[in-house]
Amino acid sequence: MTNMTTTTVDRDAPFGFGAFTPLAPTFIAVVSTKARLIEELNKLASLLAPPTTLALEPGVYDFTGDFLQRFVIRGKNVTIEGKRGARVVLQNFGLILPVNVANNVLIQDLHFRSNGDRSTSPRDAIDLTAMVPTGLTTTTQSTALAARVRITHCSFDGYFDIGVYSRTYAGAPRLLATIDQCLFFDANPGKPADVINDVLAFTNRGAINFDSLEDPNRTGTKAPQLVGNARATVAYNVFVNVWRRCPRIATGNFGYVFNNFLYQWGFGNDGDGTQGTSTWSGMVVGGGRESSEGGPTEPR
């Protein structure tokens, strides 16, 4: 008789490119009001912020139309989390993590919600973009340490452009990111939509995009892209009725993508109308590949 052993994988344990063990925080803030959340997030904008955990109590923190709706996190060893098992909603809210300076950031158990209106809500939910220093050139090489970020057990709905957006370049610290066990969906799939050349064109409403910065020494109207400097693990996520970028990892970045579920995604005009169509595609109940012009696929 052969002895068999079973290995259990703890998916809550850190893994992937963004794996790190947060330091025991020197400061823990329990947040239950929007005013307190703003106060604590503003502290994390400082480069000198101590290792911090922001623990959000259940509730809806609504930033609709608020000029303070996007917050910059420059601290290191930062955790922003909702109470496990509780519903913590950040409505029309955005985070910016400049990966030149922010490091060891854990974001977990939060629900990011947007109405999709750029006049009252941020374009993206979480922005992992490197700041461009003066004198950057396309030949700049990175000698800095890596920046690690993990986003886990979160959900994202309805942002105008992207749920998690990253732009890096070769001279910045390498972004090492893990995005796992998150839900990306759209409660109003494909809306709002543009009409290009008399064809309905869903040009935004994406999930994850790892891209690069444009060349600051550009000439002309279209700036060339620099080479990206991100390594991303995207695993155990669910994408439902998301128009695009589930995920997209481009311009020199590298991704390890596995064990995700993708249900209905889009392809089409790419914003210029040249393809003449916008189409939903994907797995539907009953199996097979289905599509329909201009709207979600109906299950069979």
Side-chain angles (χ1 to χ4, degrees), residues 34 41 60-73 80 88-98 107 110-130 149 151 154-168 177 179 182-197 199-214 223 225 232 234 237-251 262-273 275 278-280 282 294-296:
K34 175 183 171 182
L41 287 171
V60 177
Y61 300 80
D62 192 352
F63 289 80
T64 304
D66 193 327
F67 74 97
L68 293 176
Q69 60 191 324
R70 300 185 77 202
F71 295 87
V72 179
I73 306 299
I80 304 175
V88 177
V89 178
L90 297 171
Q91 183 76 31
N92 296 320
F93 169 92
L95 285 175
I96 301 173
L97 277 64
I107 301 171
L110 298 172
H111 301 286
F112 294 83
R113 297 289 179 268
S114 172
N115 57 18
D117 182 355
R118 291 187 64 187
S119 65
T120 58
S121 176
R123 182 184 182 96
D124 311 307
I126 300 176
D127 192 336
L128 310 174
T129 294
V149 177
I151 301 168
C154 293
S155 67
F156 301 83
D157 170 34
Y159 279 80
F160 177 82
D161 193 13
I162 300 292
V164 180
Y165 186 41
S166 169
R167 292 188 300 163
T168 57
I179 303 172
C182 292
L183 169 63
F184 296 86
F185 72 102
D186 198 332
N188 296 291
K191 306 295 182 181
D194 297 326
V195 176
I196 301 175
N197 294 345
V199 175
L200 197 62
F202 306 133
T203 57
N204 291 293
R205 311 288 273 209
I208 300 170
N209 185 22
F210 282 87
D211 206 338
S212 67
L213 288 167
E214 296 176 344
Q225 298 290 119
V234 181
N237 301 288
V238 174
F239 304 89
V240 178
N241 289 341
V242 178
W243 177 246
R244 60 178 187 156
R245 301 183 173 179
C246 303
R248 176 180 183 258
I249 301 174
T251 59
L262 175 59
Y263 179 89
Q264 294 189 159
W265 64 92
F267 60 92
N269 280 314
D270 197 28
D272 60 9
Q275 294 182 354
S278 283
T279 302
W280 284 96

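Given the structure is predicted, the values throughout are model-derived calculations rather than measurements.
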Is a side-chain N or O of [X] found less than 3.5 angstrom from the main chain of [Y], in a donor-acceptor match?
{"X": "S212", "Y": "R167", "result": "no"}
{"X": "R205", "Y": "G158", "result": "yes"}
{"X": "N237", "Y": "I179", "result": "yes"}

### Mutual orientation of the aromatic rings belonging to F184 and F239 [parallel < 30°, tilted 30-60°, perpendicular > 60°]
parallel
### Query
With a 3.5 Å cut-off and no angle check, do the side chains of T64 and T120 form a donor-acceptor pair?
no
### Query
Can you name the salt bridge (Lys or Arg N to Asp or Glu O under 4.0 Å) partners of D66, sequence neighbours left out?
K34
Looking only at non-hydrogen atoms, find the nearest pair between [X] and [Y] and report the distance.
{"X": "R248", "Y": "D211", "result": "NH1-OD2, 3.1 Å"}
{"X": "I162", "Y": "A207", "result": "CG2-O, 3.3 Å"}
{"X": "N92", "Y": "N115", "result": "OD1-N, 2.9 Å"}
{"X": "D186", "Y": "D157", "result": "CA-OD1, 3.4 Å"}
{"X": "F93", "Y": "Y159", "result": "O-OH, 2.6 Å"}
{"X": "R123", "Y": "N204", "result": "NH2-OD1, 3.8 Å"}

### Task
Under the ring-ring contact (aromatic ring centres under 6.0 Å, His included) rule, collect the residues that match up with Y165, sequence neighbours excluded.
none
### F160 six-ring face occupied by R118 cation (under 6.0 Å, within 45°)
yes
